[in-house]
Amino acid sequence: MLYCNNAILNIFYIGDIQTIWQQTKMYNLLQESSADRVNTACFPGQMTDLLFMEKDLVMSLKDYIRAEEDKLQQIRRWADKLEALSAAATEDPEGFLGQPVNAFKLIKRLNTEWTELESLVLMDMSDVFVSNLTIQRQNFPSDDDQTGAAKALMRLQDTYQLDTDTISTGQLAGLFSVTPAHLTLTVDDCYDLGKVAYSEADYYHTELWMAQALKQLDQGETSSTVDAVAILDYLSYSVYQQGGLRRALDFTKQLLELDPTHQRANGNLKYFEYQLSKQKKVEGREDEEQQKQRKESQGRHDDYLPERNKYEKLCRSEGIRMTPRRQSRLFCRYYDNGRHPRFVIGPVKQEDEWDRPHIVRYHDVVSEKEMEKVKELAKPRLRRATVHDPQTGKLTTAHYRVSKSAWLAAFEHPVVDTINQRIEDITGLDISTAEDLQVANYGIGGQYEPHFDFGRKDEPDAFEELGTGNRIATWLLYMSDVQAGGATVFTDIGASVKPKKGTAVFWYNLHRSGEGDYLTRHAACPVLLGNKWVSNKWIHERGQEFRRRCGLLESD
């Protein structure tokens, strides 16, 4: 088993498993600060920059290759000329040197030309390429970035129930009839994904990806860095950690057939056989229900949550279906917000997405030009998205929100001001106390797990710093289409809203009483294929009092 550092490398036998685990935890704690950083390479804005950077490096590499080829061509021509001359000269050395011109030229070649050739051979043609590479290296993804991208793939694998073979062969959502070679994963890629899972003590995914690597090796794929022994080593241990003693023993035996001298495997063989004999005795005393419960608990993720199944089902469009009767009450209409002057002649298209809570979608509410300007303003400022920590009252990053966001104030550009005004005109809400427009970008596996937008009773200080009350409503504008995944789902009611460019989804987070509407719990599903851009406006209570008194706010 390959471990994290030299201290762990010195431990061979699973019999000392507690020591291994303690040292692994210690190592993970040391890495904790870097692990919190979400991989830059997962987000399309940065990914685009990386693509062009790599293109520049390839061009620079090609220039270096051409320069080396030109140098070698000069050396080859000189060598060919000298080879012919030497062959003729050595047939009759005395006769050749009897010619004074030949004698002079020999001395000149050895004294001058060979020195010049030496300088040519020693000339380093890589200076320009290495210099460019050194400059660009500061923008290269880090180990943390690679780990984040690997974890994103596994997140997609779980949410959309993709098997490793589907991902490895690049057949995501049936996008291609024939998969381009650059979309497939090699044995080395699968092995590296398994190692990332192992480093996170995620033995479930370790097993899946090591098994895929082994399968591809068995199918004839070759690797210069990975062999079946190394893969089986990880496989046996990850299966053992999930309680699969018999299979762990089988994998260990396979390993020893390939390498009978493998010291750790020989030790593990005895340990597994001992543990298996103990397990058989326990199973003999368990009833059928106890055995079933024990098997169900094996392989379950450490971060398993009861809500996750519902969330992931909705992401796969397998959620609760609205009854035909309820569905018949949903309508599309032209909406003028009580004959608002801006919409009397040109009303907006409004569509009911859900009845209770009432979720509506507005179509064609922003232009392509406006959306592109918002993205342009946001891109330089995209940072890891944060969430409100109820314990500290501060904004912090979280593993369950994987996106990058930027905030745009109305004064920064007329387009932002125009969009804000349009939100106020359509919703009828005062946005003078609303938060700035938040622009978010979800890349590979980007998601936001189930959450509420409003501050709950156990978070009395949620928006105290703003002094604008709770979030009364949410306006969510989709600024891109998404090829697969990326839906906004409401886990308590079973609603699933798919992204559609140029449309906005709107709902109230609070009842008229000011109490939070717990049915608005929602999530952003991981993006499977494509690039998801959204902008949202959180509208607050302060400023709505007059409208509520006048009956201008929509009732529950």
Side-chain angles (χ1 to χ4, degrees), residues 40-53 139 335 337 340-343 345-351 360-386 401-444 446 448 453 471 473-483 486 488 497-506 524 527 529-540:
T40 299
C42 273
F43 298 95
Q46 284 80 11
M47 291 291 281
T48 302
D49 294 340
L50 292 178
L51 276 177
F52 283 102
M53 180 183 69
N139 300 315
Y335 179 75
N337 193 14
H340 190 286
R342 292 183 187 273
F343 306 125
I345 297 177
V348 294
K349 290 177 278 187
Q350 186 189 68
E351 176 186 2
V360 296
R361 188 197 296 262
Y362 296 99
H363 292 263
D364 305 320
V365 289
V366 288
S367 68
E368 181 76 27
K369 186 177 179 180
E370 287 171 328
M371 287 185 284
E372 290 307 309
K373 174 52 71 173
V374 169
K375 292 179 195 175
E376 179 188 323
L377 293 169
K379 279 180 182 178
R381 288 191 261 168
L382 287 174
R383 297 292 182 271
R384 171 77 187 276
T386 56
R401 187 179 191 185
V402 184
S403 65
K404 286 205 166 186
S405 63
W407 297 85
L408 302 179
F411 65 82
E412 295 185 57
H413 196 278
V415 164
V416 182
D417 190 38
T418 299
I419 291 174
N420 285 344
Q421 185 61 53
R422 196 170 299 151
I423 295 170
E424 180 168 287
D425 294 339
I426 291 174
T427 64
L429 295 174
D430 188 335
I431 65 160
S432 62
T433 59
E435 295 171 52
D436 288 340
L437 191 70
Q438 185 190 49
V439 182
N441 182 213
Y442 295 83
I444 302 170
Y448 191 176
D453 279 353
R471 287 172 173 168
T474 295
W475 169 280
L476 177 62
L477 172 67
Y478 297 110
M479 299 194 295
S480 67
D481 292 313
V482 180
Q483 289 169 274
T488 304
V497 180
K498 296 186 183 302
K500 184 178 179 184
K501 192 174 185 179
T503 70
V505 178
F506 175 78
V527 176
L529 288 172
N531 179 8
K532 181 180 175 183
W533 282 92
V534 299
S535 60
N536 53 271
K537 194 79 173 174
W538 283 306
I539 305 169
H540 285 247

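Residue indices begin at 1 and follow the sequence shown.
In summary, Glu372 and Lys375 engage in a salt bridge, as defined by a charged side-chain N under 4.0 Å from a carboxylate O. Between Arg381 and Glu412 there is a salt bridge, since a side-chain N of the basic residue sits under 4.0 Å from a carboxylate O of the acidic one. Ion pairing between a basic and an acidic side chain is recognised when a charged N comes within 4.0 Å of a carboxylate O; Glu376 and Lys373 show such pairing.
Residues Leu50 and Asn139 share a closest heavy-atom pair of CD2-O, 3.5 Å. Minimum heavy-atom separation, Pro499 to Gly486: CG-O, 3.2 Å. Ala409 approaches Val416 most closely through the heavy-atom pair O-CG1, 3.5 Å. Taking all atoms of both residues into account, the shortest heavy-atom contact from Asn337 to Asp425 is ND2-O, 2.6 Å. Nearest heavy atoms, Val374 versus Ile419: CG2-CD1, 3.7 Å.
Rounding to the nearest 0.5 angstrom, the gap separating the CG atom in Leu408 from the CG atom in Leu377 is 5.5 Å. Rounded to the nearest 0.5 angstrom, Met479 CE and Asn531 CG are separated by 10.0 Å. If you take CZ on Phe411 and CG on Asn420, they are separated by 11.5 Å, rounding to the nearest 0.5 Å. Here Ile431 contributes atom CD1 and His540 contributes atom NE2; the two are 12.0 Å apart, rounded to the nearest 0.5 Å. Here the NZ-OH distance, from Lys501 to Tyr478, works out to 15.0 Å after rounding to the nearest 0.5 Å. Taken from CD in Glu370 to NE2 in His413, the straight-line distance is 10.5 Å, to the nearest 0.5 Å.
Lys537 places a side-chain N or O within 3.5 Å of a backbone atom of Glu435 that can act as its donor or acceptor partner. Panel note: side chain Asn441, backbone Lys532; a donor-acceptor pair is recorded below 3.5 Å. At least one donor-acceptor pair under 3.5 Å links the side chain of Ser480 to the backbone N or O of Trp533. Of the possible polar contacts, none joining the Thr503 side chain to the Arg361 backbone as a donor-acceptor pair under 3.5 Å is found.
Taking a 6.0 Å sphere around NZ of Lys498, one finds it holds 12 or fewer heavy atoms contributed by other residues, nucleotides or ligands.
Between Phe506 and the options Leu476, Val365, Leu429, a side chain to side chain contact (heavy atoms under 4.5 Å, CB included) holds for only Leu429. Each of Arg422, Gln350, Glu351 was checked for a side-chain hydrogen bond (donor to acceptor under 3.5 Å, both in side chains) with Tyr362, and the lone residue meeting it is Gln350.
The side-chain heavy atoms of Ile539 and Ile423, taken from C-beta on, include a pair separated by under 4.5 Å. For the pair Ile426/Trp475, a side-chain contact is recorded, criterion being any heavy-atom separation below 4.5 Å from C-beta on.
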- Task: Let me see the working for Glu424 and Asp430 under side chain to side chain contact (heavy atoms under 4.5 Å, CB included), right down to the final yes or no.
- Result: CA-CA 6 Å; Glu424 180 168 287; Asp430 188 335; 3.9 Å; yes
